[in-house]
Amino acid sequence: MILKYKVSLPGIKGFARVYEVKGSASLYSLHKQMRADMDFPQDQVVLFKSFDSEGEVAARYSVFQDFGFGTIDAVTAEQCHKRGEDKFIYFYDTTNVKSVIVTFEGLGEERRNVVYPLLVESKGPNPIEFENGYVAFEDLPDDKKKDPDDDDFDDDDIDFDEEEDDDETEEIYGEDEED
(Lines give C-alpha, C1' and ligand atoms only; values in the text may rest on other atoms or scores of the structure.)
Protein backbone atom coordinates (compact mmCIF):
# COMPACT_ATOMS: atom_id res chain seq x y z
CA MET A 1 0.00 0.00 0.00
CA ILE A 2 1.32 3.43 -1.00
CA LEU A 3 0.02 6.45 0.91
CA LYS A 4 0.37 10.02 -0.39
CA TYR A 5 0.92 12.80 2.14
CA LYS A 6 1.01 16.53 1.52
CA VAL A 7 3.25 18.67 3.74
CA SER A 8 2.14 22.30 4.15
CA LEU A 9 2.57 25.35 6.33
CA PRO A 10 -0.46 26.95 7.97
CA GLY A 11 -1.75 29.91 5.98
CA ILE A 12 0.98 29.75 3.32
CA LYS A 13 0.02 28.78 -0.24
CA GLY A 14 3.57 29.13 -1.57
CA PHE A 15 4.88 25.99 0.12
CA ALA A 16 4.06 22.32 -0.36
CA ARG A 17 5.75 18.95 -0.52
CA VAL A 18 4.06 15.68 -1.51
CA TYR A 19 5.47 12.33 -0.42
CA GLU A 20 4.60 8.79 -1.35
CA VAL A 21 5.15 6.45 1.60
CA LYS A 22 4.91 2.67 1.80
CA GLY A 23 2.27 1.64 4.30
CA SER A 24 4.83 -0.52 6.08
CA ALA A 25 7.18 2.46 6.56
CA SER A 26 7.54 3.82 10.06
CA LEU A 27 6.86 7.43 10.92
CA TYR A 28 10.58 7.56 11.68
CA SER A 29 11.47 6.87 8.03
CA LEU A 30 9.11 9.66 6.93
CA HIS A 31 10.69 11.95 9.54
CA LYS A 32 14.20 11.17 8.22
CA GLN A 33 13.19 11.88 4.63
CA MET A 34 11.45 15.16 5.46
CA ARG A 35 14.40 16.24 7.61
CA ALA A 36 16.79 15.59 4.73
CA ASP A 37 14.62 17.20 2.04
CA MET A 38 13.67 20.32 3.97
CA ASP A 39 16.91 20.94 5.90
CA PHE A 40 15.30 20.51 9.31
CA PRO A 41 17.75 20.58 12.25
CA GLN A 42 19.39 17.23 12.98
CA ASP A 43 19.75 17.73 16.71
CA GLN A 44 16.10 18.21 17.70
CA VAL A 45 13.60 15.90 19.34
CA VAL A 46 10.66 15.49 16.97
CA LEU A 47 6.99 14.74 17.54
CA PHE A 48 4.06 13.65 15.37
CA LYS A 49 0.72 14.76 16.78
CA SER A 50 -2.07 12.93 14.94
CA PHE A 51 -5.70 13.95 14.51
CA ASP A 52 -8.83 11.93 13.79
CA SER A 53 -11.50 12.78 11.21
CA GLU A 54 -13.25 15.15 13.65
CA GLY A 55 -10.04 17.12 14.17
CA GLU A 56 -9.46 15.83 17.71
CA VAL A 57 -5.97 14.81 18.85
CA ALA A 58 -5.82 11.03 18.51
CA ALA A 59 -2.22 10.25 19.48
CA ARG A 60 1.29 11.60 19.92
CA TYR A 61 4.37 9.82 18.65
CA SER A 62 7.91 10.62 19.71
CA VAL A 63 11.31 9.00 19.32
CA PHE A 64 12.13 8.41 22.97
CA GLN A 65 8.83 8.25 24.77
CA ASP A 66 5.81 6.05 24.17
CA PHE A 67 2.70 8.12 24.91
CA GLY A 68 0.54 5.00 24.74
CA PHE A 69 0.48 4.35 20.97
CA GLY A 70 4.14 3.49 20.27
CA THR A 71 7.22 5.42 19.24
CA ILE A 72 7.81 6.80 15.74
CA ASP A 73 10.19 3.97 14.89
CA ALA A 74 7.55 1.33 15.78
CA VAL A 75 4.40 2.87 14.28
CA THR A 76 3.72 2.59 10.55
CA ALA A 77 1.90 4.95 8.22
CA GLU A 78 -0.60 2.16 7.45
CA GLN A 79 -1.41 1.63 11.16
CA CYS A 80 -2.14 5.34 11.54
CA HIS A 81 -4.24 5.39 8.37
CA LYS A 82 -6.30 2.38 9.47
CA ARG A 83 -7.04 4.14 12.79
CA GLY A 84 -8.23 7.21 10.88
CA GLU A 85 -5.17 9.29 11.78
CA ASP A 86 -4.75 11.04 8.45
CA LYS A 87 -3.55 14.42 9.62
CA PHE A 88 -0.44 15.17 11.66
CA ILE A 89 1.32 18.17 12.98
CA TYR A 90 4.99 17.24 12.66
CA PHE A 91 7.12 19.23 15.10
CA TYR A 92 10.60 19.23 13.59
CA ASP A 93 11.88 21.52 16.35
CA THR A 94 9.92 20.97 19.56
CA THR A 95 12.10 23.37 21.55
CA ASN A 96 11.11 26.32 19.35
CA VAL A 97 7.65 24.91 18.49
CA LYS A 98 8.32 24.79 14.73
CA SER A 99 6.08 22.50 12.72
CA VAL A 100 4.53 21.57 9.40
CA ILE A 101 1.18 19.96 8.64
CA VAL A 102 1.20 16.46 7.12
CA THR A 103 -2.12 15.44 5.54
CA PHE A 104 -3.14 12.19 3.87
CA GLU A 105 -4.04 12.92 0.23
CA GLY A 106 -4.92 9.46 -1.11
CA LEU A 107 -3.52 6.15 -2.22
CA GLY A 108 -0.88 5.76 -4.91
CA GLU A 109 0.51 3.02 -7.11
CA GLU A 110 3.77 1.38 -6.09
CA ARG A 111 6.64 2.18 -8.41
CA ARG A 112 9.36 -0.30 -9.24
CA ASN A 113 13.00 0.37 -8.36
CA VAL A 114 12.14 3.34 -6.14
CA VAL A 115 13.20 3.99 -2.56
CA TYR A 116 10.38 5.13 -0.32
CA PRO A 117 9.46 7.60 1.21
CA LEU A 118 9.65 9.43 -2.09
CA LEU A 119 9.32 13.17 -2.64
CA VAL A 120 7.07 13.45 -5.72
CA GLU A 121 6.15 17.14 -5.71
CA SER A 122 7.82 20.26 -4.39
CA LYS A 123 6.63 23.87 -4.32
CA GLY A 124 8.42 26.84 -2.80
CA PRO A 125 11.52 27.06 -0.64
CA ASN A 126 12.09 25.19 2.61
CA PRO A 127 10.13 26.30 5.70
CA ILE A 128 13.12 28.17 7.20
CA GLU A 129 12.96 30.66 4.32
CA PHE A 130 9.45 31.70 5.34
CA GLU A 131 10.78 32.41 8.85
CA ASN A 132 13.41 34.68 7.27
CA GLY A 133 10.80 36.86 5.58
CA TYR A 134 10.29 35.13 2.22
CA VAL A 135 6.79 35.71 0.80
CA ALA A 136 5.58 33.65 -2.16
CA PHE A 137 3.74 35.47 -4.96
CA GLU A 138 0.46 33.68 -4.21
CA ASP A 139 0.71 34.73 -0.56
CA LEU A 140 0.99 38.45 -1.38
CA PRO A 141 -2.06 40.63 -0.79
CA ASP A 142 -3.90 41.34 -4.06
CA ASP A 143 -2.87 45.01 -4.06
CA LYS A 144 0.82 43.99 -4.02
CA LYS A 145 0.63 41.48 -6.88
CA LYS A 146 1.87 42.74 -10.23
CA ASP A 147 2.02 40.36 -13.15
CA PRO A 148 4.28 41.51 -16.03
CA ASP A 149 1.99 39.67 -18.48
CA ASP A 150 -1.00 41.69 -17.26
CA ASP A 151 -2.16 44.57 -19.50
CA ASP A 152 -2.37 46.83 -16.43
CA PHE A 153 1.32 46.30 -15.64
CA ASP A 154 3.27 49.46 -16.27
CA ASP A 155 7.05 49.57 -16.58
CA ASP A 156 6.87 52.90 -14.75
CA ASP A 157 6.09 50.86 -11.61
CA ILE A 158 9.65 49.58 -11.72
CA ASP A 159 12.36 51.92 -10.54
CA PHE A 160 15.22 51.56 -13.00
CA ASP A 161 18.13 53.51 -11.57
CA GLU A 162 20.51 55.00 -14.05
CA GLU A 163 23.85 53.28 -14.17
CA GLU A 164 26.07 54.46 -11.41
CA ASP A 165 29.68 55.38 -12.06
CA ASP A 166 31.99 52.45 -11.57
CA ASP A 167 34.80 53.80 -9.43
CA GLU A 168 36.04 50.32 -8.58
CA THR A 169 37.74 49.91 -11.96
CA GLU A 170 39.89 52.90 -11.22
CA GLU A 171 40.99 51.33 -7.95
CA ILE A 172 41.97 48.15 -9.74
CA TYR A 173 43.75 49.68 -12.68
CA GLY A 174 44.53 53.11 -11.28
CA GLU A 175 44.67 56.24 -13.30
CA ASP A 176 47.80 56.87 -15.19
CA GLU A 177 48.46 60.47 -14.25
CA GLU A 178 52.04 60.55 -15.52
CA ASP A 179 51.15 60.23 -19.23
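This is a predicted model, so every value here is computed, not measured. Side chains included, hydrogens not; waters and symmetry mates left out as well; all remaining heavy atoms used.
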message: Walk me through whether Asp66 and Tyr61 qualify under side-chain hydrogen bond (donor to acceptor under 3.5 Å, both in side chains).
response: CA-CA 7 Å; Asp66 183 346; Tyr61 304 102; over 6 Å; no
- prompt: With the 4.5 Å side-chain cut-off for hydrophobic clustering, are Phe88 and Tyr28 part of the same group?
  reply: yes
Where Pro125 and Gly14 come nearest, the two heavy atoms and their spacing: CD-O, 4.3 Å
task: Please round to the nearest 0.5 Å and tell me the distance separating atom CZ of Phe51 and atom SG of Cys80.
output: 13.0 Å
query: Does any non-hydrogen side-chain atom of Val18 lie less than 4.5 Å from one of Tyr5?
result: no
- line: Only one of Val102, Val75, Thr76, Val21 passes side-chain contact (heavy atoms from CB on, under 4.5 Å) with Leu27, and that residue is Val75
query: When rounded to the nearest 0.5 angstrom, what distance separates CD in Glu110 from CD1 in Ile2?
result: 4.5 Å
- request: Might you point out which heavy atoms bring Asp93 and Asn96 nearest each other, and give the distance in Å?
  value: OD2-ND2, 3.0 Å
- line: Nearest heavy-atom contact between Pro127 and Tyr92 is CB-OH, 4.0 Å
query: When Leu3 is tested against each of Tyr19, Phe104, Tyr116 for side-chain contact (heavy atoms from CB on, under 4.5 Å), which residue passes?
result: Phe104
- prompt: Do Val57 and Phe67 sit in the same hydrophobic cluster, where Ile, Leu, Val, Met, Phe, Trp and Tyr count as joined when their side-chain heavy atoms come under 4.5 Å apart?
  reply: yes
- request: Measure the OH-NE2 distance between Tyr90 and His31 for me, rounded to the nearest 0.5 Å.
  value: 4.5 Å
- prompt: Arg17 versus Phe15: any side-chain heavy-atom pair under 4.5 Å?
  reply: yes
statement: Distance col, row Lys87:NZ vs Lys49:NZ, nearest 0.5 angstrom, shows 10.5 Å
query: Just how far is it from atom CD of Gln33 to atom CZ of Arg35, taken to the nearest 0.5 Å?
result: 10.0 Å
- prompt: From Gln42 CD over to Lys32 NZ, what is the distance, rounded to the nearest 0.5 angstrom?
  reply: 10.5 Å
query: Are Phe64 and Leu30 connected, step by step, through hydrophobic side chains (Ile, Leu, Val, Met, Phe, Trp, Tyr) whose heavy atoms are closer than 4.5 Å?
result: yes
task: Using a cut-off of 6.0 Å, state whether more than 12 heavy atoms not belonging to Lys4 lie near its atom NZ.
output: no
message: Is there a side-chain contact between Val46 and Val63 in this structure, where contact means two heavy atoms from C-beta onward sitting under 4.5 Å apart?
response: yes
field: Donor-acceptor under 3.5 Å (Thr94 side chain, Val45 main chain)
entry: yes
task: Kindly give the heavy-atom pair with the smallest separation between Ser26 and Asp73, and that separation in Å.
output: CB-O, 3.8 Å
- prompt: Is the number of heavy atoms from other residues, nucleotides or ligands under 6.0 Å of Asp43 CG greater than 12?
  reply: yes
Donor-acceptor pair between Thr95 and Gln44 side chains, under 3.5 angstrom: yes
task: Measure from the side-chain N and O atoms of Asp52 to the backbone N and O of Glu56, and report whether any donor-acceptor pair falls under 3.5 Å.
output: yes
- prompt: Given the rule that I, L, V, M, F, W and Y join up when any side-chain heavy atoms are under 4.5 Å apart, are Leu107 and Leu119 in one cluster?
  reply: yes
message: Check this for me: does any side-chain nitrogen of one of Lys6 and Glu121 sit under 4.0 Å from a carboxylate oxygen of the other?
response: no
Hydrophobic cluster membership, Ile72 vs Met34, 4.5 Å side-chain cutoff: yes
query: Can you name the nearest heavy-atom pair linking Met38 to Val7, along with the distance?
result: CE-CG1, 4.0 Å
message: Give me the atom names and distance for the closest heavy-atom approach of Ala74 to Gln79.
response: O-OE1, 3.7 Å
message: Test your reading of the model: is there a side-chain donor-acceptor pair from Arg60 to the backbone of Phe48, 3.5 Å cut-off?
response: no
message: Any carboxylate oxygen within less than 4.0 angstrom of a Lys/Arg side-chain nitrogen, looking at Glu78 and Lys22?
response: no
